[in-house]
Amino acid sequence: MAFLEVENYRKRFGDNEVLKGISFSLEKGEVLAIIGSSGGGKTTLLRCLNFLEIPDEGVLRLGGETLFDASERSRNADGQIREKRLHFGLVFQQFNLFPQYTVFKNITLAQSLLAKAEFKQKKKDFAAVLREAPPAERKRLKEEQKTVLAQIRAGQKERIEQKAESLLARVGLTEKRNAYPYELSGGQQQRVAIARALALNPDILCFDEPTSALDPELTGEVLKVIKGLKSSDSTMIVVTHEMEFAKNVADHVIFISEGIIEEAGTPEEVFDHPQSEKTKAFLQKSRDLLGEEDSLQEAQ
């Protein structure tokens, strides 16, 4: 049984059916590259996987558990959807960092909010115990609970900060801990966004064209970080226009065109021996554009 299974994902916006029955599977620790022309449905697929959009049809299983089934509305309440999002991390094209917060605060914010909610629930649980306790025991219990709650809060803070420090080192930005986004290059901002996504320990880490907003000289540093994650048993889905990156890093490649998977296989199968005429045309166009960029750089 595959770690991630997606069956017959369909998504419509009005009369426009953007996803027309997408199905694929992925083993734990594998990297899937999704390629295709703009407007083919790649970003919509990622947004559906992250529950930023809700598929009209389809089933998603993670680790053998049915996480989403469009036919079962009881699974799709707002609170449940928010919990399901925690299984996935998404790195956007435009970084989406909070400009008013430092790098460190950007990375720790989501963890801190989750910890705060957990702490609040723990206080409620303790209050319920206190109400049920005999009157003679309440003062002692209240003091014990106060001590335990303080320990919980301190432990949460320590874990969150240690995690953030570790992630900063992992993406090579330890020295930028107290910097603000406007003080960073685009490549550095995207590395912060990657660290932020990793902070919640997602089961699947998704990238939506993570280098599309970067200058060519900054693209390499971000791709290097993503490539480095592969050795850490991270399961990743990367929408990308970087064909060489997809060829060298991905375990599987799917080519999406007009809302369907036109071709799927290993990088060697898709890039070196494509079967679909649409795939062949797309890859040739990509090679032609790359050749034009190389010629322009040589001329400069």
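The structure presented is a predicted model; accordingly, all values stated were derived computationally and were not measured.
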Original post:
Yes or no on side-chain contact (heavy atoms from CB on, under 4.5 Å) for L4 and F24, after CA distance, side-chain angles and deciding distance?
Top reply: CA-CA 8 Å; L4 174 67; F24 65 90; 4.0 Å; yes
Between [X] and [Y]: side-chain donor-acceptor atoms closer than 3.5 Å:
{"X": "Q93", "Y": "S212", "result": "yes"}
{"X": "N201", "Y": "K163", "result": "yes"}
{"X": "R153", "Y": "Q156", "result": "no"}

Subject >> Partner of R170 under side-chain contact (heavy atoms from CB on, under 4.5 Å), chosen from I194, V225, L229 >> reply: L229
Quick one: does any side-chain atom of [X] pair with a main-chain N or O of [Y] as donor and acceptor, under 3.5 Å?
{"X": "Q189", "Y": "L97", "answer": "no"}
{"X": "S234", "Y": "M236", "answer": "no"}
{"X": "Q190", "Y": "F92", "answer": "yes"}
{"X": "K42", "Y": "I256", "answer": "no"}
{"X": "T235", "Y": "I204", "answer": "no"}
{"X": "E263", "Y": "Q275", "answer": "yes"}
{"X": "R10", "Y": "G58", "answer": "no"}
{"X": "T211", "Y": "L214", "answer": "no"}

Subject >> NZ or CZ of K11 within 45° of F13 ring axis and under 6.0 Å >> reply: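 Relative to the ring axis of F13, which defines the angle, K11 lies inside both limits.
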Subject >> Lys/Arg cation over aromatic F104: R177, 6.0 Å, 45° cone >> reply: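 Satisfied, under 6.0 Å and within 45°.
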**OP:** Using the side-chain hydrogen bond (donor to acceptor under 3.5 Å, both in side chains) rule, take Q162 and R159 through it: C-alpha gap first, then chi angles, then the decisive distance, then the call.
**Re:** CA-CA 5 Å; Q162 287 180 348; R159 285 192 297 273; over 6 Å; no
So, [X] and [Y], do they make that salt bridge, N to O below 4.0 Å?
{"X": "K280", "Y": "E262", "value": "no"}
{"X": "R61", "Y": "E7", "value": "yes"}
{"X": "D251", "Y": "K230", "value": "yes"}

If you count heavy atoms of other groups shown closer than 6.0 angstrom to [atom1] of [X], is the number above 12?
{"X": "K146", "atom1": "NZ", "result": "no"}
{"X": "E175", "atom1": "CD", "result": "yes"}
{"X": "E132", "atom1": "CD", "result": "no"}

**OP:** Could you tell me the separation between the CG atom of L90 and the CG atom of N50, rounded to the nearest 0.5 Å?
**Re:** 4.5 Å
**OP:** Apply side-chain contact (heavy atoms from CB on, under 4.5 Å) to the pair V238 and F245, showing each step before the final yes or no.
**Re:** CA-CA 10 Å; V238 186; F245 173 78; 4.1 Å; yes
Would you call [X] and [Y] a side-chain contact if the rule is heavy atoms closer than 4.5 Å?
{"X": "S112", "Y": "K105", "result": "no"}
{"X": "K278", "Y": "E258", "result": "yes"}
{"X": "N96", "Y": "R196", "result": "yes"}

**OP:** List the steps and the verdict of side-chain contact (heavy atoms from CB on, under 4.5 Å) for L168 and K176.
**Re:** CA-CA 8 Å; L168 279 171; K176 299 295 184 180; 5.8 Å; no
**OP:** For the pair R85 and L52, evaluate side-chain contact (heavy atoms from CB on, under 4.5 Å) and give the outcome as yes or no after the intermediate values.
**Re:** CA-CA 8 Å; R85 286 191 186 119; L52 298 176; 4.0 Å; yes
**OP:** Check the pair R140, E137 against salt bridge (Lys or Arg N to Asp or Glu O under 4.0 Å), reporting the backbone distance first and the verdict last.
**Re:** CA-CA 6 Å; R140 180 185 60 80; E137 292 290 315; 2.4 Å; yes
